[in-house]
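Notes for the one structure printed next.
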Amino acid sequence: MRRSRRPSVLGLMLLPVPLLAVVGALSFAGGSGGRRWFGGRGESQRAEAQAAKDAAAAAFYELDTAQRDLRISIETITAVDDSPAARRTVADFSALGQRIDQVSRDYITAVDAHDLDRDDLDAATASRARADLTSAKDALERTKADLDRFAQGLGALLEQAETRLARLAPAVERARQALLAASNALDAVRASGLRADDLAARLAALSPELTKLNQGAGQHGVQETLRRADDVLRGAEAVRGEAERLPERAAEIDKRLVSLRTRAQAITTRTAGVEPILSELRRRYTAACWQDLQQVPAQAARDVAQAEEKLKEAQTAREEQRWPDATALLATVRALLNSTDEAVSAAGDRLRRLDEVSFDQQKEIERTRFAIRDAQRLAMAGRSTPDPRHARPLDDAVERLERAITGLEGRHPDWWHFLSETEAVRQTAARVVQGIREERGSGH
């Protein structure tokens with residue numbers, strides 16, 4: 001049977017001690033100094049009975065020792081494992097304990113029933129004593145064998161429990177060191193002039209957990225202590241990491257404030273150039289080519305003004321060291337400036353594209369036809385007829401392109417509509433190509 005030392009970290013509730021533990025030196029004395037010895041068959045029977053008594057006593061103590069050692073293993077398992085398998089093991093051990101109690105009582109009863117030191121012990125009584133004691137010994141040995149088999153079946157559970165116990169002290173120590181490192185990092189940040197109040201509050205919230213760790217597994221259990229140690233470790237490391245990054249974070253926010261202010265000023269300058277572009281569009285192209293851009297200057301001015309207001313709020317949050325608020329406000333400013341930048345750029349891009357296509361629409365037409373032909377070749381690769389799922393949208397795309405070309409025949413063509421249609425046709429061809437490649441890539 002595997003024996004395991006009692007873990008020093010445990011202050012555990014022991015399983016009930018069986019009745020055999022209260023057995024003292026019941027009738028184990030070898031004999032009385034005043035007994036007279038008689039020769040013959042009676043004395044031989046007395047000796048055999050005494051030998052049976054000694055053998056039963058040895059079996060009793062072997063069973064008692066094995067049970068005590070196994071109880072330590074059971075306590076180790078129950079301290080760290082509350083799984084169904086562990087609970088079944090405890091229940092089985094309890095049932096074995098009841099059986100051990102019974103055979104122990106039977107043994108004690110057999111010992112108490114026969115006084116082998118009596119001067120008038122006759123052969124028949126000695127023979128009965130030997131039989132009763134031998135029967136008790138056999139019962140003890142059978143129970144001991146069952147206990148040994150039970151102990152052998154604990155291997156996996158006991159190994160897991162011992163592994164967890166071995167983790168306990170290092171885990172607690174790591175948690176303590178992590179708290180110390182977090183505290184030192186926080187002190188260093190404060191020394192640099194950063195308050196880090198939110199980090200200090202998070203670190204303070206871990207103090208009660210440290211108190212419970214110091215109280216030990218004896219009070220809170222091994223599993224709970226391991227879980228608490230892991231939680232404290234993660235929490236403390238998070239605080240330490242954020243504290244160490246805080247100076248860099250503050251510097252990054254300062255840099256973003258400057259960068260976004262500069263960008264807002266640049267967009268304001270560019271916005272002033274949108275109105276001349278719109279004037280050129282209105283002079284040279286139909287209303288459909290520029291109507292959707294009419295509100296760009298006014299909207300851009302509003303967006304930049306809002307961005308500048310948010311920048312002021314972000315600056316205030318930075319000065320008050322409200323880092324999450326400052327970060328969120330800067331993200332809002334960036335989103336506003338991105339959309340404004342796109343709108344301002346759209347006017348110039350629109351004029352450029354319209355100028356290019358009105359000067360030479362054939363280039364746009366050929367570009368779009370090439371995209372369709374490329375998709376058609378891929379659709380026909382390895383086939384005598386195209387799949388209708390691919391052919392139909394490509395045929396529709398050809399017809400759509402032809403309609404767009406026909407629409408240019410008027411005196412004042414809608415060049416923007418033409419560009420929008422050719423872009424839509426190319427997107428259709430691209431979707432067909434992507435679908436074909438995905439299907440062939442998956443083996444369909």
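Note that the coordinates shown come from a computational prediction; the quantities given were computed from them, not determined experimentally.
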Expected output: side-chain Thr65 to main-chain Glu62 donor-acceptor under 3.5 Å: no

Side-chain (Gln321) to main-chain (Arg195) donor-acceptor, under 3.5 angstrom: yes

Identified side-chain contact (heavy atoms from CB on, under 4.5 Å) counterpart of His390 within the set Glu439, Arg383, Gln376: Glu439

Pairwise side-chain contact, Phe60 with Val111, heavy-atom cut-off 4.5 Å (strictly under): no

Ser259 side chain vs Lys255 backbone, donor-acceptor pair below 3.5 Å: no

Derivation and outcome, side-chain contact (heavy atoms from CB on, under 4.5 Å), residues Trp416 and Leu281: CA-CA 11 Å; Trp416 185 240; Leu281 286 168; over 6 Å; no

Heavy-atom pair with the smallest gap, counting every atom of Pro297 and Thr271: O-CG2, 3.8 Å

Closest contact, heavy atoms only, Ala375 versus Ala429: CB-O, 3.9 Å

Minimum heavy-atom distance between Pro386 and Ala391, given as atom pair plus value: CG-CB, 3.8 Å

Nearest non-hydrogen partners of Cys289 and Asp414, listed with the distance: SG-OD1, 3.6 Å

Leu203 vs Leu179, side-chain contact (heavy atoms from CB on, under 4.5 Å): CA-CA, chis, key distance, verdict: CA-CA 8 Å; Leu203 189 61; Leu179 282 170; 4.0 Å; yes

Side-chain touch Ile365/Phe418, heavy atoms, less than 4.5 angstrom: yes

CA sep, side-chain torsions, deciding dist, call: Gln315, Arg261, side-chain contact (heavy atoms from CB on, under 4.5 Å): CA-CA 11 Å; Gln315 180 66 49; Arg261 284 195 194 99; 2.6 Å; yes

Exam field: side chain Thr327 to backbone Trp323, donor-acceptor pair closer than 3.5 Å: yes

Intermediate values then yes/no, side-chain hydrogen bond (donor to acceptor under 3.5 Å, both in side chains), Arg176 and Asn214: CA-CA 9 Å; Arg176 289 174 179 149; Asn214 290 333; 2.9 Å; yes

Whether Arg377 side chain and Ile372 backbone form a donor-acceptor pair below 3.5 Å: no

Heavy-atom check, side chain of Ser345 versus side chain of Arg270, under 4.5 Å: yes

Flag, side chain of Ser339 to backbone of Leu336, donor-acceptor distance under 3.5 Å: yes

Steps toward salt bridge (Lys or Arg N to Asp or Glu O under 4.0 Å) verdict (Arg369, Glu366): CA-CA 5 Å; Arg369 283 176 174 166; Glu366 288 303 319; 3.7 Å; yes

Minimum heavy-atom distance between Ala182 and Val239, given as atom pair plus value: CB-CG1, 4.2 Å

Presence of salt bridge, Arg68 and Asp64, under 4.0 angstrom: yes

Beyond-backbone contact of Arg400 with Glu421, side-chain heavy atoms, under 4.5 angstrom: yes

Euclidean distance, Arg240 CZ relative to Glu242 CD, rounded to 0.5 Å: 11.0 Å

Gap separating the OG1 atom of Thr422 from the NE2 atom of His417, nearest 0.5 angstrom: 10.0 Å

Ion pair check, Arg234 and Glu237, cut-off under 4.0 Å: no

Pairwise distance CG(Leu210) to CZ(Arg228) - rounded to 0.5 angstrom: 10.5 Å

More than 12 heavy atoms of other groups within 6.0 Å of Gln295 CD: no

Heavy-atom neighbours of Glu248 CD exceed 12 at 6.0 Å: no

From Arg99 atom CZ to Thr143 atom OG1, the distance as rounded to the nearest 0.5 Å: 4.0 Å

Test log, rule side-chain hydrogen bond (donor to acceptor under 3.5 Å, both in side chains), inputs Gln102 and Gln98: CA-CA 6 Å; Gln102 184 58 53; Gln98 294 175 6; over 6 Å; no

Test side-chain contact (heavy atoms from CB on, under 4.5 Å) applied to Trp290 and Leu351, step by step: CA-CA 9 Å; Trp290 48 261; Leu351 180 59; over 6 Å; no

NZ/Lys144: more than 12 non-hydrogen atoms of other groups inside 6.0 Å: yes

Non-hydrogen side-chain atoms of Thr134 and Asp138 separated by less than 4.5 Å: yes

Spacing of CD belonging to Glu309 relative to CG belonging to Leu329, to within rounding of 0.5 Å: 10.5 Å

Any Val274 side-chain heavy atom under 4.5 Å of Leu293 side chain: no

Residues Lys212, Glu224; criterion salt bridge (Lys or Arg N to Asp or Glu O under 4.0 Å); working and verdict: CA-CA 10 Å; Lys212 292 177 181 179; Glu224 180 64 17; over 6 Å; no

Crowding at CZ, Arg263 (>12 non-hydrogen neighbours, <6.0 Å): yes

Ile100 side chain reached by Leu147 side chain, heavy atoms, under 4.5 Å: yes

Arg392 atom CZ, neighbour heavy-atom count above 12 within 6.0 Å: no

Donor-acceptor side-chain pairing of Gln299 and Asp303 below 3.5 angstrom: yes

Pair listing, salt bridge (charged side-chain N to carboxylate O under 4.0 Å, His left out) test, anchored in residues 281-298, at least two apart: Glu275-Arg282, Glu280-Arg283, Glu280-Arg284, Arg284-Asp355, Asp292-Arg350

Heavy-atom pair of closest approach, residues Ile277 and Ala347: CG2-O, 3.5 Å

Cationic N near anionic O, under 4.0 Å, Glu252 to Arg245: no

Asp325/Arg318 under salt bridge (Lys or Arg N to Asp or Glu O under 4.0 Å): CA gap, chis, key distance, verdict: CA-CA 8 Å; Asp325 291 343; Arg318 161 63 181 91; over 6 Å; no

Arg353/Glu356 ion pair, N-O < 4.0 Å: no

Results of side chain to side chain contact (heavy atoms under 4.5 Å, CB included) for Ala196 - residues two or more places apart only: Leu186, Val189, Leu199, Leu246

Side-chain heavy-atom pair Ile74, Leu154 within 4.5 angstrom cut-off: yes

From Leu401 atom CG to Asp396 atom CG, the distance as rounded to the nearest 0.5 Å: 12.5 Å

Check: Thr268 side chain, Ala264 main-chain N or O, donor-acceptor pair, under 3.5 Å: yes

